Amino acid sequence: KDLRLDIAWHDLVERLNKDAPPINLKAVRAIASDGYGWTEFIDHAGTDRAGCQRFFRRAGAWLALFHCFVANDMHQENMIAAGEHPVPIDLETILQSTIDESETAEPEAQAFDLATEKLANSVMMVGLLPAYGRSPDNNVFAIGGMTADWNAKIKIKWDNINTDEMRPTRSKEVTNINPNLPFVDEHYVKLAEYTDDLVSGFRDYTAFLLRHIRSSEPESLYKDFAGLPVRKVIRATRFYSMLLQRLKNTRAMDDGILWSAQADFMARLAEWDKEDDFWPLQRAERSALLALNVPHFVSPSDANEIHDATGFSVRVAARPGLNRARERIQAFDEKEIDWQIEVIRESTRSLTKPPDVAAAGKAKLLEPTDAELKLAKKTFAAEADRIAQELSRCAIRRGPGAAWIGLDWLGDAEVFQLVCLGPDLYNGVSGIALFLAAHAAVTGRKPSAELAIAGVAHLRKNLKSRGAARMARSLGV
């Protein structure tokens, strides 16, 4: 592995530490040779309560710095808690390029595309904040650099050893160690207790980075990163893991055609209606998967080429990571910082459990008087006005449509995360539009009626497409 990126990163952090930052950071030292090298071993260690506060302030500072370097994949396995220092140990996914997708031909979809882009350029993409997904067996799992209780491993064990009934079985093993989090007296602390410290660390370090750039050369952050190789993640690692699980399934190995077809699953995702830049890389992806490896590609930080392990390269229509980083830091201002902090707050909201309403006891219901009913109607009308104004403020507009970013509940898992809301009634734009339409009908407010129509513009367009029946079944109406 080429470690020149790690050396440039260590040198950057050392320079920043000498410029009076709000809090110092610790980076891994490395020695690079030609295509290989050595890195410092980071020992997982505990701290005290005050150290935990500084730990999460530093986590917020790392979030700010990684965001400015358009990083992703900084999940729990890539962070080590060394006392009061969160230390990133894998930097290969900083300075990520992005595909330049042409604007959609459908004006009704432009608002949704803009909301998706806004979320894709938020601090959520770094990977430090809590996020959730579903495994192939429909279990919800947590990922994120500050996530706790994540290290349950699926192990293969053998039953009925040395008998004709000997069979492999899968079992879950859970350890009590969270190397990415600090501990005090053998008890691990969690992000939920220190969210304010994370936010303050992010805000203070972002302000420091802006001051650092204005007081020095504009290129001071990125001057040593030109031309360095960074890993290019073409598809989510979880997607590759799913395919590898299928390829390792012994029940399919007696049919060579069926088994190898799993490796061709990616061909279904290709753009068959137009030229696909990534089609030439499918052979490398397939070869790696058949060898039961995760495909690995690299790209220069300042170019739009992608290389595989054999030296094959392809040029794609993408914005290089270094260009994206420069654009991002130039666009940073107080409004953008406030938006990113709102993303942090909403992303960590599910860590705090809501109060137990049932435990508070049952309230005795009383018949309201006429005066109370009249007052209640005014109160509810005022609250409906406030909600409509808030929905209008949060709406993302482009073209004839409107879209919203909101919290998506993961079913019975009691966790949620920020997404660009889909079309469904209970947790999407159909429900929002229904409320706005009702508000307009009751109050006569034309802006609510207009926003309701804009909210379902994309949905109405899709309901006239060939997949209308399938979409209608998923709306929850």
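Hydrogens, waters and symmetry mates play no part in the numbers below; they use all other heavy atoms, side chains included. Owing to the predicted nature of the structure, the values given are computational and were not obtained by experimental measurement. Heads up: numbering here begins at 1 and tracks the sequence.
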Decide side chain to side chain contact (heavy atoms under 4.5 Å, CB included) for Leu191 and Leu198; before the verdict, give the C-alpha distance in whole Å, the side-chain angles of both, and the deciding distance to 0.1 Å. CA-CA 8 Å; Leu191 173 59; Leu198 180 85; 4.1 Å; yes
Go through Arg29 and Thr39 one step at a time and tell me if the side chain to side chain contact (heavy atoms under 4.5 Å, CB included) criterion holds. CA-CA 6 Å; Arg29 293 173 293 180; Thr39 62; over 6 Å; no
Test Val419 against Ile405 for side chain to side chain contact (heavy atoms under 4.5 Å, CB included), laying out the working first. CA-CA 6 Å; Val419 298; Ile405 293 172; over 6 Å; no
Quick one: do Glu327 and Arg319 satisfy side chain to side chain contact (heavy atoms under 4.5 Å, CB included)? Show the steps, please. CA-CA 11 Å; Glu327 293 168 5; Arg319 277 186 298 154; 2.7 Å; yes
Is there a salt bridge (Lys or Arg N to Asp or Glu O under 4.0 Å) between Arg397 and Glu450 once you walk through the steps? CA-CA 12 Å; Arg397 304 296 302 268; Glu450 187 273 333; 3.0 Å; yes
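Seen from the ring of Trp339, Lys118 counts as a face-on cation partner, given the 6.0 Å and 45° thresholds.
The closest side-chain heavy-atom distance from Tyr240 to Ile234 is below 4.5 Å. Put simply, the side chain of Leu289 reaches to within 4.5 Å of the side chain of Leu244, judged on heavy atoms. Between Arg286 and Asp264, some side-chain heavy-atom pair lies under the 4.5 Å cut-off.
Judged purely by atom type and a 3.5 angstrom limit, Glu108 has no side-chain atom pairing as donor or acceptor with the backbone of His458. A distance-only check finds no donor-acceptor pair linking the side chain of Thr93 to the backbone of Ala71 [under 3.5 Å]. The backbone N or O of Gly144 sits less than 3.5 Å from a side-chain atom of Gln76, completing a donor-acceptor pair. No donor-acceptor distance shorter than 3.5 angstrom exists from the side chain of Asp302 to the backbone of Leu322, with no hydrogens or angles considered. A distance-only check finds no donor-acceptor pair linking the side chain of His439 to the backbone of Ser448 [under 3.5 Å]. Without hydrogens or angle criteria, Gln340 side chain to Val123 main chain gives a donor-acceptor distance under 3.5 Å. Between the Asn180 side chain and the Gly145 main chain, a donor and an acceptor come within less than 3.5 Å of each other. Between the side chain of Trp38 and the main chain of Ala30, no donor-acceptor pair closer than 3.5 Å is present. A side-chain donor-acceptor contact under 3.5 Å links Ser122 to the backbone of Leu119. With hydrogens and angles ignored, the 3.5 Å screen pairs no side-chain donor or acceptor of Asn178 with any backbone N or O of Leu181.
Annotation: the span from Ser215 atom OG to Asp19 atom CG amounts to 5.5 Å, rounded to 0.5 Å. The distance from the NE2 atom of His307 to the NZ atom of Lys232 is 13.0 Å, given to the nearest 0.5 Å. Expressed to the nearest 0.5 Å, how far CG of Leu65 lies from CG of Leu25 amounts to 7.0 Å. Atom CH2 of Trp404 is separated from atom CG of Leu421 by 9.0 Å, given to the nearest 0.5 angstrom. Asn24 contributes atom CG, which lies 10.0 Å from atom CG of Leu16 (distance to the nearest 0.5 angstrom). In this structure, Ile7 CD1 and Leu91 CG are separated by 11.5 Å, a value rounded to the nearest 0.5 Å.
Only one option out of Gln389, Glu383, Glu390 pairs with Arg386 in a side-chain hydrogen bond (donor to acceptor under 3.5 Å, both in side chains); it is Glu383.
Two rings, from Phe66 and His75, have their centers 6.0 Å or more apart. Checked against the 6.0 Å centroid criterion, the rings of Phe69 and Tyr222 qualify as a close aromatic pair.
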Under 3.5 Å, side-chain donor or acceptor atoms of residues 199-207 against the rest of the protein: list the pairs with distances, not counting sequence neighbours.
{"residue": "Ser200", "atom": "OG", "partner": "Arg57", "partner atom": "NH1", "Å": "3.3"}
{"residue": "Ser200", "atom": "OG", "partner": "Asp196", "partner atom": "O", "Å": "3.3"}
{"residue": "Ser200", "atom": "OG", "partner": "Asp197", "partner atom": "O", "Å": "2.9"}
{"residue": "Arg203", "atom": "NH2", "partner": "Asp338", "partner atom": "OD1", "Å": "3.2"}
{"residue": "Asp204", "atom": "OD2", "partner": "Arg57", "partner atom": "NH1", "Å": "3.2"}
{"residue": "Thr206", "atom": "OG1", "partner": "Phe202", "partner atom": "O", "Å": "2.6"}

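Between Arg328 and His67, the side chains place a donor N or O and an acceptor N or O closer than 3.5 Å (distance only, hydrogens not considered). In summary, the side chains of Arg324 and Asn121 do present a donor paired with an acceptor at a separation below 3.5 Å, with no hydrogens or angles considered.
Using a 4.0 Å cut-off between a side-chain N of Lys or Arg and a carboxylate O of Asp or Glu, Glu342 and Arg345 do not qualify as a salt bridge. Remark: Asp385 engages Arg445 in a salt bridge, criterion side-chain N to carboxylate O under 4.0 Å. Taking the charged nitrogens against the carboxylate oxygens, Arg4 and Asp2 do have a contact shorter than 4.0 Å, which makes a salt bridge.
Counted within 6.0 Å of CZ on Arg283, heavy atoms from surrounding residues, nucleotides or ligands total 12 or fewer; the atom is thus considered open. Heavy-atom neighbours of Lys461 NZ from other residues, nucleotides or ligands within 6.0 Å: at or below the threshold of 12. Remark: Arg235 CZ is packed, more than 12 non-hydrogen atoms of other residues, nucleotides or ligands lying under 6.0 Å away.
The salt bridge (Lys or Arg N to Asp or Glu O under 4.0 Å) check on Glu193 picks up Arg49, with sequence neighbours excluded.
Between Phe208 and His212, the two ring planes are tilted [angle within 30° to 60°]. Relative ring orientation between Tyr194 and Phe56 is described as parallel, the plane-to-plane angle staying below 30° on a 0-90° scale split at 30° and 60°.
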